[in-house]
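One structure below.
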Amino acid sequence: MALAKPGCQGYDAAMTTTRRKIKIVDEVSLANLFPDHVDTMESRYSRALERAGAGHAVVFSGAPLPVFLDDYNYPFKANPHFVSWLPLTSTPFCYVIYTPGDPPVLIYYQEKDYWHLPPANPEGFWTAQFDIRIVHALEDVAKHLPEDREKCIFIGEVNDEAHAFGIDRVNPGTALNMLQFNRSVKTGYELECMRAASRRGVKGHLAAEKAFRAGRSEFDIHLNYCKAVGHAENELPYGNIIALNENAAVLHYQHQSHEKPKEIKSFLIDAGARFNGYASDITRTYAKEDDEFAALIARFDALQLELVSEVRAGLDFADLHLLCHLKVARLLDEIGLAKGSADTLIESGITSAFYPHGLGHLLGIQVHDVGGHMGDDSGITIDPPSGHPFLRLTRLLEADQVLTIEPGLYVIDMLIDNLAGTPGYALINQEKLDWLRPYGGIRIEDNVRVLEDGCENLTRDAFNR
Ligand code: GLY
Ligand code: MN
Ligand code: MN
């Protein structure tokens, strides 16, 4: 098959050349931590290659995806396995080649192009760890690949076989399961990047709260957020959730209304930021007035912190999710939204109607990072507990994993209506429901690093700086 013309739409040259500097990280400590990160990557890949019975890993950054019947591409999203080697998030058609015993090779594709700005020459703290080969034509990649393609495994998405250069073993499960399982445990370098992503995200959250207090529309709040974090929309780790009033009850609310509501009562913001490819994923909820809803947010914040205080190595995350249902049940009874014992409110499906998502997920290069259901590095999976299909993390926690803790409480009429005709329905206080409905709901989400006997709260540390 002929090599596809790569085209440059989707390149985000700004990510590799000029970008507004936001002081959120100690560059020297990042540089000092990076060699150990590469050592860890090498040992993980050596074990994966051994298990796959292969001699070389070829990790592809990816190709931009063209829009149907158009000559533009979707925004480029790099293969996370490529980004875990080095902080290049916007350079398609690049390859990392790892052969145990040799320094990793980076084939850096710098297209000769006058329509778009080609990627700048590689520079920065990470370059010393790589044997960098710059190529200006895709055909030249082949010269730098191991000659014996039979001994290679290819890690990445292949939409055009030409980009695999004759490597047949694409994403073999033997190797991939191991790489995905291990990616949940972060290196010192990755943790520093994730702290920086949290600090950057918190800058946006503070700007967004200010815009909310000034009575701005969802769209304006969104723009203020992007400006404060220094991200164009495509650089955000996920689409911002900027929800005023009852929109806060839509879990992944995807619009940003230009209209200002007549009365603004509440604001839920779920928005993150990136640093060197690593994401933060932060949610806060605010009341406009110092009223009963504000008191409920404070109560819910305490509940969230109680859950955070349970996090430690060895904990079964599914148990923590179930503990959250117990706490939500007690809260519903305490504030009179539903009356009954915790067991009754859980068994009758009431807590699931008010809190219909999982307590959290692994976080890293991907916002919902891979491997949340993996029981080990061979591909065995652990299903969520029955009745909790949306729980994305079912593993036993290990030190240096990073994950979210994000309990929620919403008025979602579709789910309440589903209970009609069941014994639980009568336990719901409709008057109280009518009171809460215009506020939408509450979610509070922190990013935490698991420690042997507790956790580091990246989000609260960033807010408290
Ligand atoms: N921002 C999506 C989530 O919290 O999982
Ligand atoms: Mn999340
Ligand atoms: Mn979130």
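In listed order, ligands and their atoms are each counted from 1.
- As for D281, its N/O/S atom nearest the Mn ion (ligand 2) is the one called OD2.
- A salt bridge does not link D26 to R195: none of the charged side-chain nitrogens sits closer than 4.0 Å to a carboxylate oxygen.
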Task: Stepwise side chain to side chain donor-acceptor pair (under 3.5 Å) test for N79 and E157 - done: CA-CA 7 Å; N79 169 10; E157 189 179 21; over 6 Å; no
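- Within E406, the N/O/S atom positioned nearest the Mn ion (ligand 2) carries the name OE2.
- The Mn ion (ligand 2) has an N, O or S atom of H361 inside 2.8 Å of it.
- Close approach of ligand 1 to H361 (heavy-atom distance below 4.0 Å) involves ligand atoms 3 (C), 4 (O), 5 (O).
- When the options K432, R299, K339 are evaluated for a salt bridge (Lys or Arg N to Asp or Glu O under 4.0 Å) with E334, the one that passes is R299.
- Each of D369, D400, D377 was scored for a salt bridge (Lys or Arg N to Asp or Glu O under 4.0 Å) with R183, with one residue passing: D369.
- Those atoms of ligand 1 that come under 4.0 Å of a heavy atom in H252, given as number and element, are 2 (C).
- For H357, the closest heavy-atom approach to ligand 1 does not fall below 4.0 Å.
- The nearest pair of heavy atoms linking R392 to H361 is CB-CB, 3.9 Å.
- Contact detail for S378 and R51: the closest heavy-atom pair is CA-NH1, 3.8 Å.
- Those atoms of ligand 1 that come under 4.0 Å of a heavy atom in E445, given as number and element, are 4 (O).
- Under the side-chain contact (heavy atoms from CB on, under 4.5 Å) test applied with V328, the options L331, L326, L332 reduce to a single match, L332.
- Checked against the Mn ion (ligand 3), the N, O or S atom of E445 at the shortest distance is OE1.
- Remark: among candidates T404, L251, D281, the nearest residue to atom 1 (N) of ligand 1 is D281, based on non-hydrogen atoms.
- Taking the six-membered ring for Trp and thresholds of 30 and 60 degrees, H321 and H325 have ring planes more than 60 degrees apart, a perpendicular arrangement.
- Of all atoms in ligand 1, listed by their number and element, those nearer than 4.0 Å to a heavy atom of H368 are 2 (C), 3 (C), 5 (O).
- Close approach of ligand 1 to D270 is summarised as follows: ligand atoms under 4.0 Å from at least one heavy atom of the residue are 1 (N), 2 (C), 3 (C), 4 (O).
- Here the heavy atom of the protein found nearest to atom 4 (O) of ligand 1 is E406 OE1, 3.0 Å.
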